[in-house]
Undergrad: 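The structure is given below, and queries will be raised subsequently.
Chain A is the first sequence line, chain B the second, and so forth, proteins listed ahead of strands; every chain is numbered from 1.
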Amino acid sequence: MLLDPRGPRFAAAVTTVVLVLVLILTSGWLALAQAAVFAVTAANPRFGPYGILYRTLVAPRLSRPTELEPAEPVRFAQLVGFAFTAVATVGFLTGVTALGLVAAAFALIAAFLSAAFGLCLGCEAYLVLRRLTGRPLPARRVPAATR
Amino acid sequence: MSPAGGALVALLALLAAALTGLYRRRRDGRVLPSGRASADAAPSQQSQALVALGVSPGRTTLVQFSSAFCAPCRVARRVCADVAAAMDVAHLEVDAESHLDEVRRLGIWRTPTVLVVDPAGRVTHRVTGPPARAELLAAIA
């Protein structure tokens with residue numbers, strides 16, 4: 001699956017705003033809503049709420065994308081985002097506010113880097129994690145579709 | 001926690017992210033002479049790792065490390081393929097995840113990372129992020 005790369009950038013910008021609000025309001029329910037958005041988008045980027053917003057409101061006003069990008073990195077990034085906002089949700093809703101703040105702050109850093117610079121922190125952490133923990137795999141894992 | 005506390009955390013997070021992003025923007029894609037950057041292993045170990053990855057001696061090779069969850073790898077692939085065609089050098093793309101031993105020995109931490117390997121099998125330059133085309137051309141020439 002290939003995506004218009006401006007879609008995920010737009011989604012990251014919306015996510016950035018939502019996460020700033022989560023931190024200011026220390027709202028577990030808003031964090032939960034954002035976690036749900038991450039979960040849906042990770043499951044299928046086509047059904048991501050912010051992506052739908054992009055396609056209906058923003059994309060029609062833009063020119064056609066000059067370049068498409070693979071969906072796999074985007075999905076993985078959403079999964080990482082989900083993990084952090086899920087922890088933030090638990091933190092805020094159980095009264096462990098410090099945990100909520102730290103987890104939401106990390107999610108905000110990743111979302112802002114993605115929105116403003118197009119950097120995917122979770123994607124980079126993936127190789128670092130594999131390098132530190134994993135054994136070599138025999139099979140080639142770069143999907144043929146991205147070549 | 002008052003709203004001001006949460007706002008402060010948000011502000012610090014955005015500041016940290018902005019500094020990281022600006023630093024990355026300066027560094028990414030720069031074609032840097034290898035030396036200090038490849039201090040992870042002795043040169044002979046590096047050569048062995050390169051041979052294990054399928055780099056054939058006698059020809060300059062662009063060795064590109066990619067991974068499944070890597071959007072900029074696509075851009076890096078195109079730049080390397082173009083430069084390889086223009087300069088008549090080899091371009092070898094490696095899945096970092098399935099070659100973790102070599103990844104460790106060559107000091108690869110991020111994808112895409114591109115190594116310029118000279119015909120003698122030595123790493124002469126290293127790029128993290130999609131390479132700047134002009135710098136890559138200059139490094140090979």
Side-chain angles (χ1 to χ4, degrees), chain A residues 3 5 8 16 19-27 67-70 72-77 80 92 97-98 100-102 104-124 126-128 130-143 146-147, chain B residues 1-28 40 52-53 64-75 77-78 81 93-113 128-130:
Chain A
L3 304 172
T16 300
L19 287 171
V20 167
L21 288 175
V22 165
L23 282 166
I24 292 175
L25 305 171
T26 59
S27 164
E67 182 160 2
L68 298 176
E69 70 173 21
E72 278 313 308
V74 174
R75 294 182 61 184
F76 182 73
V80 175
F92 287 134
T97 309
L101 287 174
V102 169
F106 275 110
L108 174 59
I109 288 173
F112 181 74
L113 275 174
S114 174
F117 297 95
L119 287 177
C120 175
L121 219 52
C123 303
E124 293 181 9
Y126 179 75
L127 179 64
V128 172
R130 291 280 309 158
R131 208 192 123 137
L132 294 175
T133 63
R135 297 175 169 281
L137 297 171
R140 185 180 169 80
R141 286 271 300 268
V142 174
T146 68
R147 289 190 58 85
Chain B
M1 174 71 67
S2 67
L8 185 65
V9 172
L11 208 64
L12 287 175
L14 289 175
L15 190 68
L19 289 175
T20 308
L22 290 173
Y23 173 76
R24 278 298 185 75
R25 187 172 278 180
R26 274 175 65 105
R27 286 287 307 247
D28 278 12
D40 286 44
L53 291 173
Q64 179 190 340
F65 291 86
S66 299
S67 61
F69 304 124
C70 172
C73 287
R74 225 170 123 81
V75 180
R77 178 181 309 135
R78 202 179 51 225
E93 190 174 355
V94 174
D95 177 25
E97 222 189 314
S98 48
H99 296 92
L100 288 174
D101 274 346
E102 288 78 13
V103 161
R104 291 189 189 105
R105 274 193 272 171
L106 292 164
I108 310 295
W109 285 99
R110 285 174 55 201
T111 55
T113 293
T128 48

Undergrad: Is the shortest side-chain heavy-atom distance between Leu108(A) and Val22(A) below 4.5 Å?
TA: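 No, too far: nothing below the 4.5 Å cut-off.
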
Undergrad: Would a 4.5 Å heavy-atom cut-off, applied to side chains only, mark Pro8(A) and Ser114(A) as touching?
TA: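 No, their side chains stay 4.5 Å or more apart.
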
Undergrad: Determine yes or no for a side-chain-to-main-chain donor-acceptor pair under 3.5 angstrom, with Arg74(B) supplying the side chain and Leu68(A) the backbone.
TA: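 Here the side-chain-to-backbone pair exists.
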
Undergrad: What part of Arg25(B) lies closer than 4.5 angstrom to a heavy atom of chain A: side chain, backbone, both or neither?
TA: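 Just the side chain, heavy atoms under 4.5 Å.
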
Undergrad: Is the side chain of Arg27(B) donor-acceptor paired with the backbone N or O of Thr128(B) at a distance under 3.5 Å, no angle test?
TA: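 No, because the side chain of Arg27(B) does not come within donor-acceptor range (under 3.5 Å) of the backbone of Thr128(B).
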
Undergrad: Which answer fits Ile109(A), side chain, backbone, both or neither, if we ask what part of it has an atom under 4.5 Å from a heavy atom of chain B?
TA: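 Both backbone and side chain.
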
Undergrad: Heavy atoms only, distances under 4.5 angstrom: which of Ala16(B), Ala18(B), Cys73(B) has the most pairs with chain A? Name it, please.
TA: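 Of Ala16(B), Ala18(B), Cys73(B), Ala18(B) has the most heavy-atom pairs under 4.5 Å with chain A.
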
Undergrad: In terms of heavy-atom pairs under 4.5 Å, which option from Val75(B), Thr20(B), Leu22(B) contacts chain A the most?
TA: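 Of Val75(B), Thr20(B), Leu22(B), Leu22(B) has the most heavy-atom pairs under 4.5 Å with chain A.
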
Undergrad: Give, as side chain, backbone, both or neither, the part of Leu8(B) having an atom under 4.5 angstrom from any heavy atom of chain A.
TA: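 Neither the backbone nor the side chain of Leu8(B) comes within 4.5 Å of chain A.
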
Undergrad: What part of Ala116(A) gets within 4.5 angstrom of chain B, counting heavy atoms only: side chain, backbone, both, or neither?
TA: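 Just its backbone gets close to chain B.
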
Undergrad: Which heavy-atom pair separates Val9(B) from Ala105(A) by the least distance, and what is that distance?
TA: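 Heavy atoms of Val9(B) and Ala105(A) come nearest at CG1-CB, 3.8 Å.
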
